[in-house]
Amino acid sequence: MIAFDPDYKSACVRPSPNHGERKGGRAPDMLILHYTGMPTAAAALDWLCTGESQVSSHYFVDEEGVVTQLLPESARGWHAGQSSWKGETDINSASIGIEIANPGHEAGSPPFEDAQIEAVIALCRDIIERNAIPAERVLAHSDIAPLRKQDPGERFPWGLLHKHGIGHWVEPLPVGGGRFFQEGDAGEPVEALQTMLALYGYDVQVDGAFSTATAAAIRAFQRHFRPARVDGIADASTIGTLHQLLSALPTVA
């Protein structure tokens with residue numbers, strides 16, 4: 001790809017060859033946040049800009065808060081992989097992707113840097129405003145690919161982003177006692193839980209069987225919306241937080 005003018009005026013530009021056209025001329029209405037999961041920011045940025053990798057994102061944010069744009073927002077990035085949200089499977093055509101430099105779970109889930117999060121907030125606000133992205137469609141990579149991905153992880157400050165007008169959020173209910181469901185359980189209450197997850201957008205089969213896929217969706221939900229405990233068990237805190245999020249979704253006129 002040849003050089004281009006950045007959509008985000010504060011960004012540096014480093015073109016990546018890994019891109020295509022959005023199918024059907026699809027305009028992006030989703031924003032997907034990732035962590036790089038690599039030891040250094042420099043190595044991650046090099047990988048995203050190398051044809052061999054076959055991966056890319058629209059933006060990259062290093063630990064110091066420097067924002068680099070790799071693709072124009074009009075291009076289809078290769079960041080989502082096999083994924084799904086609300087029945088849509090070509091998430092790359094529907095979304096803008098941001099990679100945030102952080103070595104991730106394999107390195108013990110170190111915290112994100114303050115300057116980095118400040119830069120992510122400013123970048124997200126700009127993208128959302130220019131593309132009219134709904135709050136409930138600002139998502140984690142783990143939300144759209146719960147069986148494969150964990151990023152940006154439970155250390156990512158979704159609540160702080162929401163305070164700055166980014167993403168859908170309610171204060172999670174505290175972890176406590178009460179009835180819970182876990183892998184291997186079955187019945188109408190599990191079916192009701194799966195229905196709520198599917199209504200929110202997660203790719204789960206509504207069959208009343210608490211499967212590995214259902215547990216993965218619960219873990220993804222917890223990482224994003226109830227990060228105090230990520231265990232794939234649908235306890236009262238998890239179910240109650242999910243119910244409140246559904247109740248807080250905008251109604252369609």
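Residues: numbered from 1 along the sequence shown. The analysis underlying the following values was restricted to heavy atoms, covering all of them including side chains, and did not include hydrogens, waters or symmetry mates.
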A.B. asks: Can Arg137 and Glu88 be said to form a salt bridge (Lys or Arg N to Asp or Glu O under 4.0 Å), step by step?
C.D. replies: CA-CA 12 Å; Arg137 290 176 73 80; Glu88 188 166 9; 3.6 Å; yes
A.B. asks: When clusters are formed by joining ILVMFWY residues with side-chain heavy atoms under 4.5 Å apart, either directly or through shared neighbours, do Val66 and Val120 land in the same one?
C.D. replies: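 No, because Val66 and Val120 fall into different hydrophobic clusters, even though each may have its own neighbours under 4.5 Å.
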A.B. asks: When you group the ILVMFWY residues by side-chain heavy-atom contacts below 4.5 Å and let the links chain together, are Leu160 and Val61 in the same group?
C.D. replies: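 Result: yes, single cluster for both.
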A.B. asks: Does the side chain of Ile127 come within less than 4.5 Å of Ile98's, by heavy atoms?
C.D. replies: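 Yes. Closest side-chain heavy atoms under 4.5 Å.
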A.B. asks: Measuring from atom CD of Glu106 to atom CD of Gln150, what distance do you get when rounded to the nearest 0.5 angstrom?
C.D. replies: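 Going from the CD atom of Glu106 to the CD atom of Gln150 covers 8.0 Å.
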A.B. asks: If I compare all heavy atoms of Cys124 with all of Leu33, which pair ends up nearest, and what's the gap?
C.D. replies: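 Looks like SG-CD2, 4.1 Å.
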A.B. asks: Quick check: does any side chain N or O of Asn18 sit under 3.5 Å from a backbone N or O of Thr50, one acting as donor and the other as acceptor?
C.D. replies: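 A pair under 3.5 Å: yes.
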A.B. asks: Taking all atoms of both residues into account, what is the closest heavy-atom pair of Trp169 and Gly159, and its distance?
C.D. replies: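 For Trp169 versus Gly159, the nearest heavy atoms are CE2-CA, 3.7 Å.
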A.B. asks: Nearest 0.5 angstrom please: Ser211 OG to Asp185 CG, how far?
C.D. replies: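 That separation rounds to 11.5 Å.
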A.B. asks: State whether a side-chain donor-acceptor pair under 3.5 Å links Thr68 with Arg14.
C.D. replies: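 There is no such pair between these side chains.
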A.B. asks: Taking Ser16 for its side chain and Leu70 for its backbone only, find out whether a donor-acceptor pair lies under 3.5 Å.
C.D. replies: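 Side chain of Ser16 to backbone of Leu70: no pair is present.
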A.B. asks: Do Leu246 and Tyr200 pass the side chain to side chain contact (heavy atoms under 4.5 Å, CB included) test, and can you show the C-alpha distance, the side-chain angles, and the key distance before you say yes or no?
C.D. replies: CA-CA 6 Å; Leu246 285 168; Tyr200 197 76; 3.9 Å; yes
A.B. asks: Evaluate whether atom CZ of Arg130 has more than 12 neighbouring non-hydrogen atoms of other residues, nucleotides or ligands under 6.0 angstrom away.
C.D. replies: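 More than 12 within 6.0 Å, yes.
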A.B. asks: Do Thr238 and Gln222 pair up side chain to side chain, a donor and an acceptor below 3.5 Å, judged on atom types alone?
C.D. replies: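 Yes, Gln222 and Thr238 have a side-chain donor paired with an acceptor closer than 3.5 Å.
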A.B. asks: Do Ser10 and Val67 have side-chain heavy atoms sitting under 4.5 Å apart?
C.D. replies: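 They are not in side-chain contact.
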A.B. asks: Nearest heavy-atom pair of Cys49 and Pro17: which atoms, and what distance?
C.D. replies: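 Scanning both residues, the minimum pair turns out to be O-CD, 3.4 Å.
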A.B. asks: Compare all side-chain heavy atoms of Met196 with those of Ile239 and state whether any distance is below 4.5 angstrom.
C.D. replies: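 Yes. Closest side-chain heavy atoms under 4.5 Å.
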A.B. asks: Has Glu188 got more than 12 heavy atoms of other residues, nucleotides or ligands less than 6.0 Å from its CD?
C.D. replies: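 No - once you tally the heavy atoms of other residues, nucleotides and ligands closer than 6.0 Å, there are 12 at most.
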A.B. asks: With clusters defined by side-chain heavy atoms of hydrophobic residues (ILVMFWY) lying less than 4.5 Å apart, directly or transitively, does Tyr202 cluster with Leu199?
C.D. replies: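 Same hydrophobic cluster.
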A.B. asks: Test side-chain hydrogen bond (donor to acceptor under 3.5 Å, both in side chains) on Gln194 and Thr214 and set out the steps.
C.D. replies: CA-CA 7 Å; Gln194 292 170 327; Thr214 299; 3.1 Å; yes
A.B. asks: I need the minimum non-hydrogen distance between Pro110 and Gly104, along with the two atoms involved.
C.D. replies: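 Between these two residues, the closest heavy atoms are CD-O, 3.6 Å.
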A.B. asks: Per the side chain to side chain contact (heavy atoms under 4.5 Å, CB included) rule, which among Ile32, Ile91, Asp203 passes with Trp85?
C.D. replies: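 The single option meeting the side chain to side chain contact (heavy atoms under 4.5 Å, CB included) with Trp85 is Ile91.
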A.B. asks: How about Gln244 and Thr241: do any of their side-chain heavy atoms sit closer than 4.5 Å?
C.D. replies: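 In short, these two side chains do not touch, never coming nearer than 4.5 Å.
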A.B. asks: Examine distances only and state if a side-chain atom of Ser53 and a backbone atom of Trp47 form a donor-acceptor pair shorter than 3.5 Å.
C.D. replies: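 Yes, the answer is positive, given that a donor and an acceptor are paired below the 3.5 Å cut-off.
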A.B. asks: Evaluate whether atom CD of Glu21 has more than 12 neighbouring non-hydrogen atoms of other residues, nucleotides or ligands under 6.0 angstrom away.
C.D. replies: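 Not buried by this count: 12 neighbours or fewer within 6.0 Å.
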A.B. asks: For residues Asn131 and Leu31, determine if any side-chain heavy atom of one lies less than 4.5 Å from a side-chain heavy atom of the other.
C.D. replies: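 When only atoms from C-beta onward are counted, Leu31 and Asn131 do not touch, as no gap falls below 4.5 Å.
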A.B. asks: What's the separation between atom CZ in Arg219 and atom OG in Ser142, rounded to the nearest 0.5 Å?
C.D. replies: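 One finds 11.0 Å between CZ of Arg219 and OG of Ser142.
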A.B. asks: Quick one, Asn102 and Pro152 - any side-chain contact, counting heavy atoms below 4.5 Å?
C.D. replies: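 No, their side chains stay 4.5 Å or more apart.
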A.B. asks: If you define the side chain from C-beta out and look only at heavy atoms, does anything of Ile117 sit under 4.5 Å from Ile100?
C.D. replies: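 No, side chains not in contact.
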A.B. asks: Does one hydrophobic cluster hold both Val204 and Leu193, with members joined at side-chain heavy-atom distances below 4.5 Å?
C.D. replies: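 Yes, Val204 connects to Leu193 through the hydrophobic network.
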A.B. asks: Check the pair Met30, Ile133 against side chain to side chain contact (heavy atoms under 4.5 Å, CB included), reporting the backbone distance first and the verdict last.
C.D. replies: CA-CA 6 Å; Met30 302 177 72; Ile133 295 175; 5.6 Å; no
A.B. asks: Would a distance-only check, ignoring hydrogens and angles, find a side-chain to backbone donor-acceptor pair under 3.5 Å from Arg22 to Asn92?
C.D. replies: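 Yes: the side chain of Arg22 pairs with the backbone of Asn92.
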A.B. asks: What I'd like to find out is whether the side chain of Tyr59 reaches to under 4.5 Å of the side chain of Glu73, using heavy atoms alone.
C.D. replies: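 Yes, their side chains come closer than 4.5 Å.
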A.B. asks: Does the plane of the ring in His58 sit parallel, tilted or perpendicular to the ring in His79? Use 30° and 60° as the thresholds.
C.D. replies: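 Plane angle over 60°, so perpendicular.
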A.B. asks: Does any N or O in the side chain of Arg125 come within less than 3.5 Å of the main-chain N or O of Ile128, such that one atom is a donor and the other an acceptor?
C.D. replies: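 No: the side chain of Arg125 does not pair with the backbone of Ile128.
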A.B. asks: Please name the residue in the list His34, Glu99, Gln69 that meets the side chain to side chain contact (heavy atoms under 4.5 Å, CB included) test with Ser57.
C.D. replies: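 When side chain to side chain contact (heavy atoms under 4.5 Å, CB included) is applied between Ser57 and each of His34, Glu99, Gln69, only Glu99 qualifies.
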A.B. asks: In Å, rounded to the nearest 0.5 Å, how long is the span from CG of Leu71 to CZ of Phe4?
C.D. replies: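 The distance works out to 6.0 Å.
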A.B. asks: Applying the 4.5 Å side-chain criterion to the ILVMFWY set and letting contacts propagate, would Leu245 and Ile166 be lumped into a single cluster?
C.D. replies: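 Yes, it is one cluster - the side chains of Leu245 and Ile166 are joined through contacts under 4.5 Å.
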A.B. asks: Quick one: which residue pairs count as a ring-ring contact (aromatic ring centres under 6.0 Å, His included) with a foot in residues 92-131, not counting sequence neighbours?
C.D. replies: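 Sorted result for residues 92-131: Tyr35-His105, Phe112-Phe156.
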A.B. asks: To check you understand the geometry: which heavy-atom pair defines the closest contact between Ala213 and Leu147, and what is its length?
C.D. replies: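 It is CA-CD2, 4.1 Å.
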A.B. asks: Nearest 0.5 Å, please: how far is CD1 in Ile96 from CG in Leu123?
C.D. replies: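 Between atom CG of Leu123 and atom CD1 of Ile96 there are 9.0 Å.
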A.B. asks: Measure across Arg26 and Ser93 and return the closest heavy-atom pair with its distance rounded to 0.1 Å.
C.D. replies: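 Nearest heavy atoms, Arg26 then Ser93: CG-O, 3.3 Å.
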A.B. asks: CD/Glu136 to CG/Leu249 distance, rounded to the nearest 0.5 angstrom?
C.D. replies: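 Going from CD on Glu136 over to CG on Leu249, the span is 6.0 Å.
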A.B. asks: Given the rule in the side chain to side chain contact (heavy atoms under 4.5 Å, CB included) test, do Ile121 and Leu161 qualify, once you have shown the distances and angles that lead to the verdict?
C.D. replies: CA-CA 6 Å; Ile121 288 170; Leu161 265 67; 3.9 Å; yes
A.B. asks: Within a radius of less than 6.0 Å around CG of Asp114, do more than 12 heavy atoms belonging to other residues, nucleotides or ligands occur?
C.D. replies: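 Not more than 12 within 6.0 Å, no.
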